[in-house]
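Below: the structure, in structure tokens.
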Protein chains: 2
Amino acid sequence: MHSFTEENYLKTIYHLSQLNDSPVQTNAIAEGMKTRAASVTDMLKKLSDKQLIDYIKYQGVTLTDKGKTTAVSVIRKHRLWEVFLVEKLKFKWDEVHEIAEELEHINSGLLVERLDEFLGFPKRDPHGDPIPDHNGIFEPDQNIHLHEMSRGDKGVIIGVNEYTSAFLKHLERLGLTIGILIEIEEIADYDGSVELLVDGKKINVSKEVTQRILVNYK
Amino acid sequence: MHSFTEENYLKTIYHLSQLNDSPVQTNAIAEGMKTRAASVTDMLKKLSDKQLIDYIKYQGVTLTDKGKTTAVSVIRKHRLWEVFLVEKLKFKWDEVHEIAEELEHINSGLLVERLDEFLGFPKRDPHGDPIPDHNGIFEPDQNIHLHEMSRGDKGVIIGVNEYTSAFLKHLERLGLTIGILIEIEEIADYDGSVELLVDGKKINVSKEVTQRILVNYK
DNA sequence: TTGAATATTTAGATAAATCTAAAAATTTTC
DNA sequence: GAAAATTTTTAGATTTATCTAAATATTCAA
């Protein structure tokens, strides 16, 4: 078995390698794990010895198949527990991330499968992130960041990529939650802020916010 | 916050001090924690520094109020999660102990209270053990071990005090599960084995088994 | 293409939880 | 009540994950 720390490293490396395909750098991992580069180097050696990553000194790391499987399994558990907390225990979507960070390390294959079944095999977590299935397969999706859309485009908010309570509460105040239909009214050249049409009302959101919202606009 | 290990020590000390009121001995803790006496001594110093136990060298330990509160909180979580696993995720009563050993350390007060509510504020776990309430209060009970009963006594099986899969499966084969009404037909002087009347049928159980079954016989 | 800036690794420490072996305290037995 | 047996503690190592400071490698920019 892998320690909590090892699992968290794998998860972080997985997420970082999704952003840009190139090998993940030590400093990026250090930032993601909120630790120092020297600590990352130590752990990379360990993960490499366990054949969970391919690691070349000074060149960064990529996950091996074994490492990827482990990372996806942790992500699956994280997202299923989030669904449980929101759907069954009435938590708000901005309250579940921290608890799921703990629950994701509970170690029982049977538990995960029973939980999945109990929840009705959900496809997405409360933040709109896809939940990989039993075999680690993600449903293919054609999402786009809000800031990549053009004037007149329409779509449904399908997810976010920041999970702080501050950010999620901000979205809620604006009425920007999962499943909401939006339309791009205007994009300001000046600062990249965007005017949206939501439920008949006009809303202005900053560029920072548009970069953190995923939209499904098939 | 306390580490998983610290919480497990407190839980073990709590259970041992329930058996006989006297201070709990180092060796007993070592056995309960499946570790060495030397390791126990180290941890006792630590727990003592944190004022979770009263510890006198060579004399054994008792929990302080603070230590007791922590132990009971962990036990509450353990038992609530067991109810969840059996009632909601269709686990068998002999499959839940190990998983609950992990879940009991998840650290969120709100989670425990929401879980309790979701489960309908259960009073007992699947093994018949009482679940302390929000304030750490156990429902008073007048249970007795099966081996303390006399010929002719009747009662309802309310719990067990061993949780190995082997033992629980054995009980199931005998039809001795929580809620079953039993009557003592005969107690053998020879080996202390007991003949029970269960559901109209006669069943023989060894002394070892009778020592591990709790009966409510009001 | 070389010097400066940046990124990464190494070296050496620290803290938590554990271990074995040996010493010390307590209890039991005669 | 002293010797033997048992229990507990101490001393010193080990493992995991972390840290700071210094050294080294890589990249960038003039």
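Values below: every heavy atom of this structure, side chains too, minus hydrogens, waters and symmetry copies. Reminder, nothing fancy here: chain letters follow the sequence lines and each chain counts from 1.
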What is the distance from [atom1] of [X] to [atom2] of [N], rounded to the nearest Å?
X	N	atom1	atom2	value
Glu6(B)	dA15(C)	CD	P	15 Å
Glu31(B)	dT8(D)	CD	P	12 Å
Gln59(B)	dT9(D)	CD	C1'	13 Å
Ile56(A)	dA7(C)	CD1	P	20 Å
Asp49(B)	dA16(C)	CG	P	11 Å
Leu44(A)	dT10(C)	CG	P	11 Å
Asn27(A)	dA5(C)	CG	C1'	13 Å
Ile29(B)	dT7(D)	CD1	C1'	13 Å

Of all residues at least two apart in sequence or in a different chain, which pass the ring-ring contact (aromatic ring centres under 6.0 Å, His included) check with [X]?
X	result
Phe4(B)	Phe4(A), His105(B)
His134(A)	none
Tyr9(B)	none

Taking the side chain of [X] as its heavy atoms from C-beta onward, which of [options] lies nearest to it?
X	options	answer
Thr26(A)	dT9(C), dT18(C), dT7(D)	dT9(C)
Asp42(A)	dC19(C), dC19(D), dT9(C)	dC19(D)
Tyr58(B)	dT10(C), dT8(D), dT8(C)	dT8(D)

For this session: Specify the residue among Ala28(B) and Tyr9(A) whose closest nucleotide of DNA chain D lies further upstream toward the 5′ end.
Result: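 Between the two, 5'-proximity favours Ala28(B).
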Distance-only check: which donor-acceptor pairs under 3.5 Å involve side-chain atoms of residues 80-87 of chain B, not counting sequence neighbours?
| unit_1 | atom_1 | unit_2 | atom_2 | d |
| --- | --- | --- | --- | --- |
| Trp81(B) | NE1 | Leu103(B) | O | 3.4 |
| Glu82(B) | OE1 | His127(B) | ND1 | 3.0 |
| Glu82(B) | OE2 | His78(B) | NE2 | 2.9 |

Exercise. Think Lys57(B) has a side-chain N or O under 4.0 angstrom from the OP1 or OP2 of dT26(C)?
Worked result: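 Result: no.
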Exercise. Counting only side-chain N and O atoms of Gln25(A), is one of them less than 4.0 Å from OP1 or OP2 of dA7(C)?
Worked result: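 No, outside the criterion.
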For this session: Enumerate the residues from residues 34-41 of chain B whose closest heavy atom to DNA chain D is under 4.0 Å, giving them by residue number; use none for an empty result.
Result: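 Nucleic-acid contacts, sorted: Ala37(B), Ala38(B), Thr41(B).
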Problem set entry | Sugar-phosphate, base or nothing in reach of Tyr55(B), heavy atoms under 4.0 Å |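 Sugar-phosphate only.
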Problem set entry | Under-4.0 Å salt bridge between Lys123(A) and Glu139(A) |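 The answer is no: the pair does not qualify as a salt bridge.
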Exercise. Is Lys11(B) salt-bridged to Glu104(B), going by a charged N under 4.0 Å from an acidic O?
Worked result: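 Here Lys11(B) pairs with Glu104(B) in a salt bridge, since their nearest N and O are under 4.0 Å apart.
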Problem set entry | Set of side-chain contact (heavy atoms from CB on, under 4.5 Å) partners for Thr41(B), sequence neighbours left out |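 Thr26(B), Lys45(B), Tyr55(B).
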